[in-house]
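Structure first, commentary second.
Quick caveat, the model's predicted, so the values are computed rather than measured. Lettering of chains follows the sequences in order, A, B, ..., and the numbering in each one begins at 1. As a basis for the values below, the full set of heavy atoms in this structure was taken, side chains included, without hydrogen atoms, waters or symmetry mates.
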Protein chains: 2
Amino acid sequence: MPTAVELEEILRGADLRVTRPRMAVLAALHAHPHADTGSIVTAAREDLGRVSTQAVYDVLQALTERGLVRRIEPSGSVARYETRVGDNHHHVVCRSCGAIADVACAVGPAPCLEASESHGFEIDEAEVVYWGRCPDCQIAGGLAATTA
Amino acid sequence: MPTAVELEEILRGADLRVTRPRMAVLAALHAHPHADTGSIVTAAREDLGRVSTQAVYDVLQALTERGLVRRIEPSGSVARYETRVGDNHHHVVCRSCGAIADVACAVGPAPCLEASESHGFEIDEAEVVYWGRCPDCQIAGGLAATTA
DNA sequence: CCTATTTCTGGAATCAATCAAGTTTAAATT
DNA sequence: AATTTAAACTTGATTGATTCCAGAAATAGG
């Protein structure tokens, strides 16, 4: 959980101006990994009093462009963001409640990066999403939540 | 490319009533792998004269539920559908134009299915998306199309 | 042929995301 | 410290995929 000063350094290090919305969004992302845009807007407003939805979208895009955050969008879910970048990890997504957890790379250094037939594509990334059920939903029983 | 009779058998085999919209959608999917909903609607209309958008959505959902088609939604793209199901293959997506191609499973029978730390999740599927550039876009040069 | 259930139509509503024009502000400059 | 300027933020409207709803139509079984 970075301090305000650290967040500021992170922004400056990426050649981004230090503004209140950016600080708030970055803090919210560190506090809530895998948060969707709506949650981030809410968190930022609790922090700042008020911010426009547009500002949050702009900030998220700027942060993503500079590689400070990573945008993930599992099927059936809206866009989510996380601050853990650069370590090539993957995600497990719960089919019932949509919960997301991080998973380290499965096998060795660059797993799955060898597509058997690449069709001439120049591949630069292999994205892996594991689908299943989180511990809570396993307990909850067979019925899937409507928010799947 | 299945015949009309074969399509009919496919539908009946899945306990689905045989209707004109369903035949048209299924045919469109076989003709255009990885088509998005809009294209499917268009193709179905060329075939039938007219169909409601809603009907196509309903059909796609019904077909997906019965496992006749598979819904895929790469980040930044709208939902797409394919008829190739049950063989656990993956996809390569072009970052520039969004083109999609099929890729057979990378390593052995159930590759990447071993998440190193599953966080208690009960995993039933590993979805892999390879990102890169298709042959056409490599030729086209460095500039990415806006339809990425 | 008739009935019941499923499917399709038409139109409206929802919601994430984007666009546009104008105002404010961070940070470099004098 | 005042000035400048490009980047960032605000408000308000718009897009576009997807879904909801109520009623009409059509399929499949009796």
Side-chain angles (χ1 to χ4, degrees), chain A residues 4 7-26 28 34-42 44-45 47-66 68-69 71-81 98 146-148, chain B residues 4 7-26 28 34-42 44-45 47-66 68-69 71-81 98 146-148:
Chain A
L7 292 179
E8 206 170 317
E9 283 168 358
I10 291 172
L11 288 173
R12 290 190 200 285
D15 270 315
L16 287 174
R17 290 190 180 175
V18 178
T19 65
R20 288 160 52 64
R22 283 180 178 170
M23 295 286 280
V25 168
L26 209 44
H34 311 129
D36 60 76
T37 312
S39 312
I40 299 168
V41 169
T42 303
R45 290 202 171 127
D47 187 346
L48 300 177
R50 53 185 241 148
V51 215
S52 69
T53 305
Q54 188 57 40
V56 174
Y57 272 98
D58 285 351
V59 168
L60 287 171
Q61 189 179 333
L63 296 179
T64 303
E65 275 176 2
R66 303 305 168 97
L68 296 187
V69 306
R71 178 190 175 112
I72 54 184
E73 15 181 333
S75 302
S77 170
V78 296
R80 292 163 180 273
Y81 295 84
T146 49
T147 48
Chain B
L7 292 179
E8 206 170 302
E9 284 168 358
I10 292 173
L11 286 173
R12 291 191 199 284
D15 270 314
L16 287 174
R17 291 190 179 173
V18 177
T19 65
R20 287 160 53 62
R22 284 178 177 170
M23 295 286 281
V25 168
L26 210 44
H34 312 129
D36 60 75
T37 313
S39 311
I40 299 168
V41 169
T42 303
R45 292 207 169 121
D47 186 346
L48 300 178
R50 52 185 240 147
V51 215
S52 69
T53 305
Q54 188 57 42
V56 174
Y57 272 97
D58 287 350
V59 169
L60 287 171
Q61 189 179 332
L63 296 179
T64 304
E65 274 175 3
R66 304 304 168 98
L68 296 187
V69 305
R71 177 191 175 110
I72 54 184
E73 16 181 333
S75 303
S77 171
V78 296
R80 291 163 180 275
Y81 295 84
T146 50
T147 47

(request) On DNA chain C, reading 5' to 3', which nucleotide is the first and which the last to sit with an atom under 4.0 Å from a heavy atom of chain A, could you check? (result) C:dA16 to C:dA27

(request) Rounded to the nearest angstrom, tell me the gap between atom CE in A:Met23 and atom C1' in D:dA8. (result) 16 Å

(request) Could you pull out all residues at least two apart from B:Thr42 that satisfy side chain to side chain contact (heavy atoms under 4.5 Å, CB included)? (result) B:Glu46

(request) Can you see which heavy atom on A:Arg80 is nearest to which on A:Gly98, and at what distance? (result) NH2-O, 4.1 Å

(message) Could you tell me how far apart A:Glu65 (CD) and D:dA8 (C1') are, to the nearest whole angstrom?
(response) 13 Å

(request) For B:Ala62, report the nucleic acid contact type (base, sugar-phosphate, nothing); a contact means any heavy atom under 4.0 Å. (result) nothing

(request) Would you mind reading off the distance between A:Tyr57 atom OH and D:dT14 atom P, rounded to a whole angstrom? (result) 18 Å

(message) Tell me the closest heavy-atom pair linking B:Asp36 and B:Gly38, and the distance in Å.
(response) OD1-N, 3.0 Å

(message) Please give me the minimum heavy-atom distance between A:Glu73 and B:Ser75, naming the atom from each residue.
(response) CG-OG, 3.3 Å

(message) Can you give me the closest heavy-atom contact between A:Ala62 and A:Arg22, atom names plus distance?
(response) CB-NH2, 4.2 Å

Please tabulate, one pair per line, all N/O donor-acceptor pairs under 3.5 Å involving side-chain atoms of residues 54-61 of chain B, not counting sequence neighbours.
residue: B:Gln54; atom: NE2; partner: B:Asp58; partner atom: OD1; Å: 3.0
residue: B:Gln61; atom: NE2; partner: B:Glu65; partner atom: OE2; Å: 3.4

Pairs under 3.5 angstrom, nitrogen or oxygen only, protein versus nucleotides 27-30 of chain D, please.
residue: D:dT27; atom: O2; partner: B:Arg17; partner atom: NH1; Å: 2.9
residue: D:dA28; atom: OP1; partner: B:Arg12; partner atom: NH1; Å: 3.3
residue: D:dA28; atom: OP1; partner: B:Val18; partner atom: N; Å: 3.0

(request) Classify the nucleic acid contact of A:Arg71 as base, sugar-phosphate or nothing, counting any heavy atom under 4.0 Å across all strands shown. (result) sugar-phosphate

(message) Could you measure the distance from the CZ atom of A:Arg17 to the CZ atom of A:Arg12? Nearest 0.5 Å is fine.
(response) 11.0 Å

(message) Any side-chain to backbone donor/acceptor pair from B:Arg71 onto B:Ala79? Under 3.5 Å, distance only.
(response) no

(message) According to salt bridge (charged side-chain N to carboxylate O under 4.0 Å, His left out), who are the partners of A:Arg20, at least two apart in sequence or on a separate chain?
(response) none

(message) If I compare all heavy atoms of A:Ala4 with all of A:Met23, which pair ends up nearest, and what's the gap?
(response) O-CE, 3.3 Å

(message) Quick one, B:Leu26 and B:Glu8 - any side-chain contact, counting heavy atoms below 4.5 Å?
(response) no

(message) Under 4.0 Å, heavy atom to any atom of DNA chain D: which of residues 48-56 of chain A qualify?
(response) A:Arg50, A:Val51, A:Ser52, A:Gln54, A:Ala55

